[in-house]
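Values in this document were obtained by computation on a predicted structure and should not be read as measured data.
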Amino acid sequence: MSATIIYTIDENTFVQVARIWQITGVGRPERGDTLELVRRTLRFGGRFLTMLEDDKPIGTAWITNDGRRLYLHHMAVLPEKQGQGYGRLLIEEAIGIADTMGMQMKLEVHEENAVARHIYRKAGFKDDLAAYRVMIRR
């Protein structure tokens, strides 16, 4: 396994990352996740991680910063690359960013996504807010 993680995002890379989001189900059009939105979150201290293998995106994680804590969004690895440790590398990189910034990291994961929940638990995340309901206004 030889992969690198970059922190820059251009139009071409975003198109490829959006494809990963679509294939893995973490991105949906109603969320409105555009390149401009990603760039806006980066101006507020967010980070955008793209994992490359042979210069092609195979995984991604998007971190936003609300000034209080970091939020992990859209962490995904191409299905054919899953189960090979790439997700672990992405989560370790994201946690490293949070540790360096001295901030907590929060994420949302669907209860039926057992594989992702396993990765997150191994990385130290806990089901802390079980009594809370996620609400959103789009």
Side-chain angles (χ1 to χ4, degrees):
M1 174 174 59
S2 75
T4 58
I5 297 175
I6 61 169
Y7 289 84
T8 57
I9 185 75
D10 58 30
E11 250 180 84
N12 182 50
T13 304
F14 182 78
V15 167
Q16 294 176 65
V17 164
R19 182 179 159 273
I20 294 171
W21 292 350
Q22 181 182 16
I23 290 168
T24 59
V26 300
R28 293 192 307 267
E30 65 269 20
R31 289 184 172 162
D33 297 327
T34 63
L35 177 57
E36 180 49 43
L37 179 62
V38 168
R39 287 180 171 157
R40 186 177 342 143
T41 67
L42 300 181
R43 289 192 294 270
F44 291 101
R47 301 286 188 280
F48 197 87
L49 289 65
T50 305
M51 181 173 277
L52 304 174
E53 185 177 70
D54 299 325
D55 295 324
K56 294 179 184 163
I58 62 164
T60 181
W62 176 17
I63 301 169
T64 59
N65 182 342
D66 73 359
R68 180 174 174 224
R69 67 175 51 103
L70 301 178
Y71 295 85
L72 182 62
H73 307 272
H74 295 19
M75 191 176 124
V77 174
L78 283 172
E80 63 269 22
K81 298 295 183 179
Q82 292 176 9
Q84 300 176 38
Y86 294 112
R88 180 182 45 78
L89 290 175
L90 274 171
I91 196 72
E92 286 173 359
E93 189 76 15
I95 290 170
I97 291 167
D99 289 348
T100 298
M101 296 176 78
M103 298 180 79
Q104 296 177 358
M105 181 169 279
K106 184 177 179 182
L107 59 84
E108 296 173 9
V109 60
H110 196 283
E111 64 186 23
E112 293 180 11
N113 192 343
V115 173
R117 287 180 29 239
H118 176 74
I119 290 170
Y120 297 141
R121 282 189 184 118
K122 281 183 76 170
F125 287 85
K126 299 191 179 4
D127 295 315
D128 246 7
L129 304 174
Y132 286 81
R133 297 298 250 175
V134 175
M135 299 175 74
I136 192 164
R137 182 175 180 264
R138 292 195 167 126

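Contact record, V17 with F48: CG1-CZ, 3.6 Å, taken as the closest heavy-atom pair. Minimum heavy-atom separation, M105 to A98: CE-CB, 4.1 Å. Closest of all the heavy-atom pairs between M101 and N65 is CE-ND2, 3.4 Å. Residues I20 and G59 share a closest heavy-atom pair of CD1-N, 3.8 Å. When every heavy atom of M51 is checked against every heavy atom of A3, the shortest pair comes out as CG-CB, 3.7 Å. A pairwise comparison of heavy atoms in A76 and V26 identifies CB-CG2, 4.0 Å as the closest pair.
Residue-environment remark: CG (D99) exceeds the threshold of 12 foreign heavy atoms within 6.0 Å. At most 12 heavy atoms of other shown residues, nucleotides or ligands fall within 6.0 angstrom of atom CD in Q22.
Both L90 and V115 are members of a single hydrophobic cluster when ILVMFWY side chains are connected at heavy-atom separations under 4.5 Å. Taken together through direct or relayed side-chain contacts under 4.5 Å among Ile, Leu, Val, Met, Phe, Trp and Tyr, L107 and I97 form part of one hydrophobic cluster. There is no path of hydrophobic side-chain contacts, each under 4.5 Å, that joins V77 to V15.
If you take CZ on R47 and CG on L42, they are separated by 8.5 Å, rounding to the nearest 0.5 Å. For the atom pair OG1 (T41) and CD1 (I63), the distance works out to 10.0 Å, reported to the nearest 0.5 Å. In this structure, CE on M75 lies 4.5 Å from CD1 on I91, to the nearest 0.5 angstrom. To the nearest 0.5 Å, atoms CG (L70) and CD (Q104) are separated by 9.5 Å.
Not counting sequence neighbours, the partners of R43 by the salt bridge (charged side-chain N to carboxylate O under 4.0 Å, His left out) test are E36. Remark: N12 engages D10, Q16 in a side-chain contact (heavy atoms from CB on, under 4.5 Å) (not counting sequence neighbours). Residues meeting the side-chain contact (heavy atoms from CB on, under 4.5 Å) test with D33, sequence neighbours left out: W21, R31, L37, W62, H74. I23 is linked by a side-chain contact (heavy atoms from CB on, under 4.5 Å) to R19, L78, P79, counting only residues two or more places apart in sequence or in another chain. T24 is linked by a side chain to side chain donor-acceptor pair (under 3.5 Å) to nothing, counting only residues two or more places apart in sequence or in another chain. Partners of E93 under the salt bridge (charged side-chain N to carboxylate O under 4.0 Å, His left out) rule, at least two apart in sequence or in another chain, do not exist in this structure.
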Report the C-alpha distance between L35 and R39 in whole Å, list the side-chain angles of each, state the deciding distance to 0.1 Å, and finish with yes or no for side-chain contact (heavy atoms from CB on, under 4.5 Å). CA-CA 6 Å; L35 177 57; R39 287 180 171 157; 3.6 Å; yes
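By the 4.5 Å side-chain criterion applied to Ile, Leu, Val, Met, Phe, Trp and Tyr, I6 is assigned to a cluster that also includes L52.
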Pairs under 3.5 angstrom only: tabulate donor-acceptor contacts from the side chains of residues 118-125 to other protein residues two or more places apart or in another chain.
unit_1: R121; atom_1: NH2; unit_2: D127; atom_2: OD2; d: 2.5

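Of the possible donor and acceptor atoms, one in the side chain of T60 sits under 3.5 Å from a partner among the backbone N and O of L49.
Residue pairs meeting the salt bridge (charged side-chain N to carboxylate O under 4.0 Å, His left out) criterion with at least one member in residues 64-82, sequence neighbours excluded: E53-K81.
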